[in-house]
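Because only heavy atoms are used, hydrogens play no part in the values below, and waters and symmetry mates are left out as well, while side chains stay in.
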Amino acid sequence: MEQNMKNKIPETGADTGNYWCSWDTQFRVNDVEAGKDTKNLRNVLTQDFLFGKKGMLPEYMKRVRADLYVLLDDGWDVGWDVPGNGPVSVFGSLELDTEKFPDFTGEPWERLKKMKERVCGLGFRGLGLWICANAAGEREDAPLSKEEADAYWKERAIWCRKAGVNYWKVDWGYHCQDVVYRDRMTKIVKEFAPDLKIEHAICRGPMGNAGNERQLKETLACSDYFRTYDVVKEFTYSTTIDRVREAFCAKNGQRYGCRSVLNVEDAPLLAAGLGCSMGVMRHPCWGGTETDVLDFGRKWNEVERALVWQRIAPPFGPGESEQAFSENVLEDWTDALSGPDAQGWLRDLIPAGGTIRQTAPAVLARNMELPGVTAREEELPFVAASRHPFTGAVSIAFLPRTCGARKMFTPKADVTFSLGAFVKPMGVFGEFGLLTVALEEAVEGRIFLQDLCRDTAVDVTELVAAAPKKLLLDYGLLKERKLLENDPGDLSAPGFMLWQEE
């Protein structure tokens, strides 16, 4: 096995719609007590929070800035001390608050343009905005007429076109459950800001599914991106997988050129394995602090690996693949939540002495047969695999579980799947036992492995080419050879790519 100065990772990739969202960091940088009050979270979102000496953007995410939008979440377009979910009528202006962002002056679109230029000047892909699904000043008992609402969103779409803002995350608001309203927002955006991508969601609790199949189908149809929505951190993967299954089963004809790409929020291993987009919530600055629930803040390398892989295998929509799910389901469960979430927005989720549970398909696949999975431990991991419809790249991910007090752990398992020929790159994510790839053609040439956080590859032909028509990846051996190392202090799951050169 020989070190080679090869680098298969492209310097740039397509616009994946992936973004870093400010919301969870607005929560984590508060002390625990302050973080419980939504108004404090909104007060945090200022120009100093973003760009100051200890700001979230200048010193972080340097490897993958070109792969991420910076998405300003709840609080960017309202003033100080706005509490809870209301008064909702103060939201939806799309005007950068002048007191929180005093350096960004001018007309509303000019202020947004200056913000976008500041963000892009740091190397990020662009600027995204959290959008409330109602107009500023609108009340539930006094909604705008259809004509007034159309004019309102037309004006704001034009603002964003002129400012170069290319992503809207449409969340709650008076009209959050109104599919017709969301559809008209998309229609107007496509007419007056065609480069702007619009993300919709079905607002729901942290567990369970949407329940209304028609609403789900219609929302998917008018979404460039569809967010699977907020989840319990312990069930990041199980709840999100169940919602992914739900969305794939409900796929419908798209309107306005929308692709309905699923955004699985802060589940990067699932995004990489299944071809979904990410709304990254974690940030390295709160890694290891008292608010770092389940060490998400110390698992930044896995975010980088997933983002880099999507330069090769970008997200794709439900209409661009055939989906398969195993009949076997796995159940995550816990009787206690970790960290400040349990005292904050989830404090009433688990009744005294009770337990919460979440089931999801054990194995998911897109454009390929379901891999075979054999347990090495008492529990199985979730497994997600896909073949990209345009690049042909193959991805597979081994995903964490929560079983009682064991939280966000990945049980070791052996997995087998078949490929006709090993002619396109393969991305592998997460911890596993033995991964066997059966081939119909013999491998010709040399096989290289590259950690997706590193810029050099290793020739591993003798290590993984067990037979002419078989690739055999032994996770323990790869770790022993130190081929899957994180940055110091990082606790991420591995992520690497394989390819061959004749």
Side-chain angles (χ1 to χ4, degrees), residues 1-13 16 18 60-68 267-274 278 280 282 284 287 295-296 298-314 381 383-386 388 391 393-400 410 412 415 422 424-435 437 445-465 471-501:
M1 186 172 63
E2 179 184 352
Q3 184 79 24
N4 289 266
M5 297 303 291
K6 293 180 180 289
N7 183 0
K8 191 72 169 180
I9 298 172
E11 291 187 6
T12 59
T16 58
N18 293 322
Y60 298 99
M61 302 178 272
K62 293 182 178 180
R63 280 185 183 136
V64 289
R65 289 183 182 179
D67 302 287
L68 287 169
L269 304 179
L270 178 61
L274 209 60
M278 289 165 267
V280 180
R282 71 190 75 179
D295 279 324
F296 272 54
R298 291 199 289 177
K299 296 176 181 176
W300 184 254
N301 281 168
E302 65 190 48
V303 173
E304 295 175 313
R305 289 171 175 133
L307 289 166
V308 164
W309 174 245
Q310 290 196 340
R311 297 177 192 172
I312 295 168
V383 176
S386 63
H388 199 276
T391 72
V394 173
S395 312
I396 186 163
F398 303 84
L399 308 173
T410 305
K412 297 295 192 299
V415 171
F422 180 41
K424 296 293 184 178
M426 180 187 307
V428 181
F429 301 85
E431 300 175 1
F432 56 95
L434 200 64
L435 174 59
V437 184
R446 309 302 294 176
I447 301 173
F448 292 86
L449 180 151
Q450 184 168 355
D451 186 317
L452 289 160
C453 267
R454 306 291 172 248
D455 58 8
T456 57
V458 174
D459 185 332
V460 293
T461 308
E462 282 72 28
L463 198 62
V464 304
L471 299 178
L472 197 66
L473 283 76
D474 185 322
Y475 178 76
L477 188 56
L478 297 179
K479 288 291 288 184
E480 181 183 310
R481 300 294 180 91
K482 298 187 181 301
L483 299 179
L484 309 176
E485 298 294 294
N486 291 322
D487 291 342
D490 196 285
L491 304 177
S492 290
F496 61 92
M497 61 185 294
L498 288 177
W499 77 93
Q500 69 160 321
E501 291 190 2

Q) How far apart are the closest heavy atoms of G273 and A397, and which atoms are they? A) CA-CB, 3.9 Å
**Q.** Gap between atom CG of D295 and atom OG of S492 - 0.5 Å precision
**A.** 10.0 Å
Q. On the ring face of F448, is K6 found with NZ or CZ under 6.0 Å from the centre and within 45° of the axis?
A. yes
Q: Take F429 and L452 through the test side-chain contact (heavy atoms from CB on, under 4.5 Å) and record every step on the way to the result.
A: CA-CA 10 Å; F429 301 85; L452 289 160; 3.6 Å; yes
Q | Salt bridge flag under 4.0 Å for residues R446 and E462 | A | yes
Q. E302 side chain to A493 main-chain N or O, any donor-acceptor pair under 3.5 Å?
A. yes
Q) If we only count heavy atoms from C-beta on, is the P425 to W309 side-chain gap below 4.5 Å? A) yes
**Q.** side chain to side chain contact (heavy atoms under 4.5 Å, CB included) partner of R305, the single match among D451, L269, V64
**A.** D451
Q: For residues E431 and P400, determine if any side-chain heavy atom of one lies less than 4.5 Å from a side-chain heavy atom of the other.
A: no
Q) Does the R65 side chain pair with the main chain of Y60, one donor and one acceptor, at a distance under 3.5 Å? A) yes
Q. Between E304 and R63, is there a donor-acceptor pair closer than 3.5 Å when you use the side chain of the first and the backbone of the second?
A. no
Q: Could you grab the distance from atom NZ of K424 to atom CD1 of I312, nearest 0.5 Å is fine?
A: 11.0 Å
Q) If you measure only the distance, is there a donor-acceptor pair under 3.5 Å linking the side chains of N18 and D67? A) no
Q. Is a side-chain donor or acceptor of Q450 paired with a backbone partner of R454 at a separation under 3.5 angstrom?
A. yes
Q) Once you round to the nearest 0.5 Å, how far does CG of L399 lie from OG1 of T410? A) 7.5 Å
Q. With no hydrogens and no angle check, is any side-chain donor or acceptor of Q310 less than 3.5 Å from a backbone partner on M278?
A. no
Identify each donor-acceptor pair in which a side-chain atom of residues 471-480 lies under 3.5 Å from a protein atom, sequence neighbours left out, and give them as a table.
from, atom 1, to, atom 2, distance (Å)
D474, OD1, G476, N, 3.0
D474, OD1, L477, N, 3.2

Q) How many angstroms lie between CE in M426 and CH2 in W499, if you round to the nearest 0.5 Å? A) 13.0 Å
(Q) Could you check whether any side-chain N or O of D490 sits under 3.5 Å from a backbone N or O of N301, counting only pairs where one atom can act as donor and the other as acceptor? (A) yes
**Q.** Candidate pair F398 and K412, rule side-chain contact (heavy atoms from CB on, under 4.5 Å), full reasoning
**A.** CA-CA 9 Å; F398 303 84; K412 297 295 192 299; over 6 Å; no
Q: Compare every heavy atom of P268 with every heavy atom of A306, then report the nearest pair and how far apart it is.
A: CB-O, 3.5 Å
Q) Side chains of L491 and N486: does their closest heavy-atom pair fall under 4.5 Å? A) no
Q | Flag side-chain contact, heavy atom, 4.5 Å: L463 against L483 | A | yes
Q) Where the side chain of R311 meets the backbone of I9, is there a donor-acceptor pair that is under 3.5 Å apart? A) no
